[in-house]
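Here is the naming used below: chain letters follow the sequence lines, and residue numbers restart at 1 for every chain.
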Number of protein chains: 2
Amino acid sequence: MSDKRLQLIKTAFKLFYLKGVHAVGINEILSESGVAKKTLYHHFSGKEALVSAVLEYRDQRFHDWLKGRLDQAKSGPDKVLTLFDALDDWFNDRVTELLPFHGCFFINVSAEFSEPNNPLHQLCCHHKERIAQLIRAQVDTLGIEPVAVDAFTNALCLLKEGAITLAHVQGDRLAATKAKATALQLLQGNQSVRD
Amino acid sequence: MSDKRLQLIKTAFKLFYLKGVHAVGINEILSESGVAKKTLYHHFSGKEALVSAVLEYRDQRFHDWLKGRLDQAKSGPDKVLTLFDALDDWFNDRVTELLPFHGCFFINVSAEFSEPNNPLHQLCCHHKERIAQLIRAQVDTLGIEPVAVDAFTNALCLLKEGAITLAHVQGDRLAATKAKATALQLLQGNQSVRD
DNA sequence: TACATGGTAGACAGGTCGGTCTACTCATGT
DNA sequence: ACATGAGTAGACCGACCTGTCTACCATGTA
């Protein structure tokens, strides 16, 4: 990957994430990154292709970060509860590699390109599916019945997205903590069924 | 409220909800609504004031609709589970007054105006708080301990927002059903503690 | 040496943006 | 009879948008 190309993607992400895609013009990205317009159109066919590349870039960064965090979890309930500790760090700007929290980039982009068959919207959907797979793998380690794995994975994904929304729209910095408490309650409920 | 003013708000909402605020120009709203530009600037000081009025309009409609649904619930667990039946109808376009589902308008607008101190963002936050109050009132009817009321209200809000996000970004039309199942599990967990 | 490649700076084109303004119509209340 | 206010149509302004293009500069390779 070319130097300038990456530079463009990083700058574009920073601005898109902060202000939204439609609110940021090509020229702003160029002046901020110090790259010439011709170079941009050498690497990307247009703005949409740049947005697409930015989505893939963020998908990779976010996925890697979360996988790293989940891999560190001790076996047992911690395998899933770590998810909410990671979210808590994200919401409260303790993860420098993700930049200051401004909601989920993919939810934000989905909001701007809300048609389900829009390619950018589909990239956002794909990201969410990858993250859900990551969570499912954690739930699998708990050793509960397959039906319960599905249900619990769904619940964790719902709580995760809910926490992101609360943290962003309502500025609720405790959202991850609340979600963790709910997840713990579900976990205990599951156990009592088994006992 | 003037006839033309309401017409502008309705048309603007339809377009903003479908395409996003930044993606829709004043001229499109005018030609779609058949209102003259001068009339728009007679009723609103600018585009931002129009967006603001649209947010208030949608807040009122959504709040009234949800309150109506929740009021119909039978006493007992149904008081809170009705919430997810209502969401299910919304996600699957069985609520004509809310227009075809394109996510939560307030989450979408928050994504485009993500600075917490932006007035439009704050209106979105205010809407979410009003809806949360509605839910809290339902939880109150369950007659559980005050501490549990807080926790359960938080959980329901998280599940609600999560369901909206899943339904929108991932196009998961079953999101409300999944959230309902999780809520039911929490409800049963709460009861087993009391027994 | 000759030439392709990736880069810079920035003028330019065609279009759209939000917003202002003029000139006109029409109903209503005094 | 007439002023007022709400409305229409649409020209116009300056700013900004995406995207193209020219002209030039390095650098590495055949």
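At the heavy-atom level, B:Lys4 lies under 4.0 Å from the strands shown only through sugar-phosphate atoms. Nucleic acid contact for B:His43: sugar-phosphate only, since backbone atoms but no base atoms lie under 4.0 Å from a heavy atom of the residue.
The listed nucleotides are D:dT18, D:dA9, C:dT8; the one nearest the side chain of B:Ala36 is D:dA9. Among the nucleotides C:dT8, C:dC17, D:dT18, the one closest to any side-chain atom of A:Thr39 is C:dT8.
Under the 4.5 Å side-chain criterion, counting only non-hydrogen atoms from C-beta, B:Phe152 is not in contact with A:Thr182.
The closest side-chain donor-acceptor pair between A:Asn154 and A:Asp150, if any, does not fall under 3.5 angstrom.
Contact of A:Lys38 with C:dG6 (side chain to base): no donor-acceptor pair of N or O atoms is detected under 3.5 Å.
Here the two rings, on B:His127 and B:Phe106, have centers that are under 6.0 Å apart.
Regarding A:Glu28, its CD atom lies at a distance of 8 Å from the P atom of D:dC17, rounded to whole Å. For B:Leu30 and D:dT8, the CG to P distance is 10 Å, given to the nearest whole Å. One can place CD1 of B:Ile26 at 16 Å from C1' of D:dA15, the figure rounded to the nearest angstrom. Between the C1' atom of C:dT20 and the CG atom of B:Leu40 lies a distance of 13 Å, rounded to the nearest Å. Atoms NE2 (B:His42) and P (C:dT20) sit 14 Å apart, rounded to a whole Å. D:dC12 atom P lies 14 Å from atom NZ of B:Lys37, rounded to whole Å. A:Phe44 has its CZ atom 15 Å from the P atom of D:dT18, to the nearest Å. When the C1' atom of D:dT27 is taken as reference, atom CG of A:Asp3 falls 15 Å away, rounded to whole Å.
The backbone N or O of A:Ile131 sits nowhere less than 3.5 Å from a side-chain atom of A:His63 that would complete a donor-acceptor pair. The main-chain N or O of A:Gln60 is never found under 3.5 Å from a side-chain atom of A:Arg130 such that the two would form a donor-acceptor pair.
Residue A:Lys47 places at least one side-chain N or O under 4.0 Å from the OP1 or OP2 atom of D:dT18.
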